[in-house]
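Read through the structure below, which is laid out as structure tokens, and then see the notes.
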Protein chains: 2
Amino acid sequence: MTEPPRRRLRADARRNRDRLLAEADAVFRQEGTDAPLDSVARRAGVAIGTLYGHFPNRRALVGSLLRERNQALFQHGQELLTSSPPAQALIRWVYAVVEHAAAYQGLAAVLADGLGDQESELHASCVRMTDISDQLIANARAVGALRRDVTGADIFALMNAAAWTREHLPLEQADRLVALTMDGMLTRAPNRNTTTKQDRSQNS
Amino acid sequence: MTEPPRRRLRADARRNRDRLLAEADAVFRQEGTDAPLDSVARRAGVAIGTLYGHFPNRRALVGSLLRERNQALFQHGQELLTSSPPAQALIRWVYAVVEHAAAYQGLAAVLADGLGDQESELHASCVRMTDISDQLIANARAVGALRRDVTGADIFALMNAAAWTREHLPLEQADRLVALTMDGMLTRAPNRNTTTKQDRSQNS
DNA sequence: ACCTGAACACCGTTCAAGT
DNA sequence: ACCTGAACACCGTTCAAGT
């Protein structure tokens, strides 16, 4: 729940670790989470063995990279819980996570896999995302803004599916998927919630 | 549009080609489209060079593998165009394609990438899928069963996103994504269209 | 006309040897 | 305590040599 028991590192080791993370972020942004770790090490100015010394595998590296970012995301989610009208809060949360999960190509897959995999360094984060979704859902349902049996797991699936869509289809397509789906989930209720452009061509 | 100009092959070459396709199908089903081609060749009883002789790259192999299957799918789509009430036809079409695109792990990505990539062996098929979706959409809209500005591209995105979801999240999650999204897209119109279980807990 | 398989390139991961 | 980089394994792809 709290910070991992980060043991003290020798000064040079910490410096290497930090540079590895910085370069990994840069490389993953450009080439996705499957980029050669070799090039990460080279850019960080260390041997490949050093990278493995700090991070036992690629997932651990991605996990460390996301830890801070995740904290910020969760805090944002918590704030939305009270700061915005329930329906809008849920919508904003979904877009925020999609944005987050689209940081690197391949990240959506890592996250999706992480929910069911206890071993994953991102497991806890995925559970947390689902939890926050559940709370936002409960709020929205409480004011009658959300219809049907939508669950946190559904929202988690949608967020990852949309992030994946960003990697493979034209830019707006992912947003349209989210907009259409959310719009179907939300009832046009007391509080207005416009996911898409203003188009109210509806009948009955 | 019609059969590719398949040149006559020497008997042994044709036999090899067929076995390669059969084994590729088996291997891809088990290990996904990223499975070692080496093992495909070995199982087919030929050298790796023979595989590359028949299929210049992995995409070509996947493409050939899907050509027949795609024909069947398109025909099904065409039939739905006239055989079922528009809303139901669209729903069935989406589930059929999701099923199709989930045949191998990684296939959804190949398909999604194929829509925008002229070079892809699956490009034409992806365009076709979008076209059929467009026609089904037009029908549904014509009877007032479909709301908003849903496009064939939206349906294509949803289908692939759902197929991808199957690869990474618990089984029903993909179906739930489709059900929730489609249910939001479809209006409760003259002709009944129940995507999910019967739950009409609604207000207004 | 087609097949073979050695050869090369590339990358993940380990570990003995260094400092 | 940490780093180095050679070494090994694995896989995609090519191509000279065979039939």
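Chain letters run A, B, ... following the sequence lines, proteins first and then strands; every chain starts at 1.
Whole-Å rounding puts the A:Leu51 CG to D:dC2 P distance at 15 Å. Between the P atom of C:dG12 and the CG atom of A:Leu61 lies a distance of 11 Å, rounded to the nearest Å. Atom pair A:Asp38:CG and C:dC10:P shows a separation of 11 Å (rounding to whole Å applied). Atom CZ in B:Arg10 sits roughly 5 Å away from atom C1' in C:dC2 (whole-Å rounding). We find that CZ of B:Arg17 is positioned 17 Å from P of C:dA1, with the value rounded to whole Å. The interatomic distance linking A:Glu31 (CD) with C:dC11 (C1') rounds to 13 Å, in whole Å. As a whole-Å value, the separation of A:Asn57 CG from C:dC11 C1' is 16 Å. Summarising the geometry, the separation between CZ on A:Arg42 and P on C:dC10 is reported as 11 Å, rounded to the nearest angstrom.
Across D:dT14, C:dT13, C:dC3, the shortest atom-to-atom separation from the side chain of B:Tyr52 is found for D:dT14. When each of C:dC3, D:dC2, D:dG12 is scored by its nearest atom to the side-chain atoms of B:Asp12, the top-ranked nucleotide is C:dC3. Nearest to the side-chain atoms of B:Leu37 among the listed nucleotides D:dG12, C:dC2, D:dA1 stands D:dG12. Nearest to the side chain of B:Ile48, among C:dG12, C:dC2, D:dT14, sits D:dT14. Of the candidate nucleotides C:dT13, C:dC3, D:dC11, C:dC3 has the atom nearest to the side chain of B:His54.
Base pairing analysis places D:dG18 opposite C:dC2; the two distances defining the Watson-Crick or G-U wobble pair are each below 3.5 Å. Across every strand in view, C:dT13 sits in a pair with D:dA7 that passes the Watson-Crick or G-U test at under 3.5 angstrom.
Side-chain contact check for B:Leu180 versus A:Leu158: every heavy-atom pair is 4.5 Å or farther apart. The closest side-chain heavy-atom distance from A:Arg29 to A:Asp25 is below 4.5 Å.
Rounding to the nearest 0.5 angstrom, the gap separating the OG1 atom in B:Thr181 from the CE atom in A:Met182 is 10.5 Å.
Salt bridge status for B:Asp113 with B:Arg59: absent, with no side-chain N to carboxylate O gap under 4.0 Å. Comment: A:Glu99 does not engage A:Arg92 in a salt bridge, judged by the lack of any side-chain N to carboxylate O separation of less than 4.0 angstrom.
DNA chain D is contacted by both B:Thr50 and B:Arg58; B:Arg58 maps to the nucleotide lying nearer its 5′ end (nearest heavy atom per residue). Along DNA chain C, the nucleotide nearest to A:Gly49 and the one nearest to B:Gly45 differ in position, and the one closer to the 5' end is contacted by B:Gly45. Each of B:Asp34 and A:Ala47 lies near DNA chain D, and the nucleotide nearest A:Ala47 is the one positioned closer to the 5' end.
B:Asn16 comes within 4.0 angstrom of sugar-phosphate atoms only, judged by non-hydrogen atoms across all strands, and of no base. Using a 4.0 Å heavy-atom cutoff across all strands shown, B:Ala35 reaches sugar-phosphate atoms only and no base atom. No contact: B:Gly53 has no heavy atom under 4.0 Å from any strand.
The aromatic rings of B:Tyr104 and B:Phe28 lie perpendicular to each other, with more than 60° between the two planes, well past the 30° mark.
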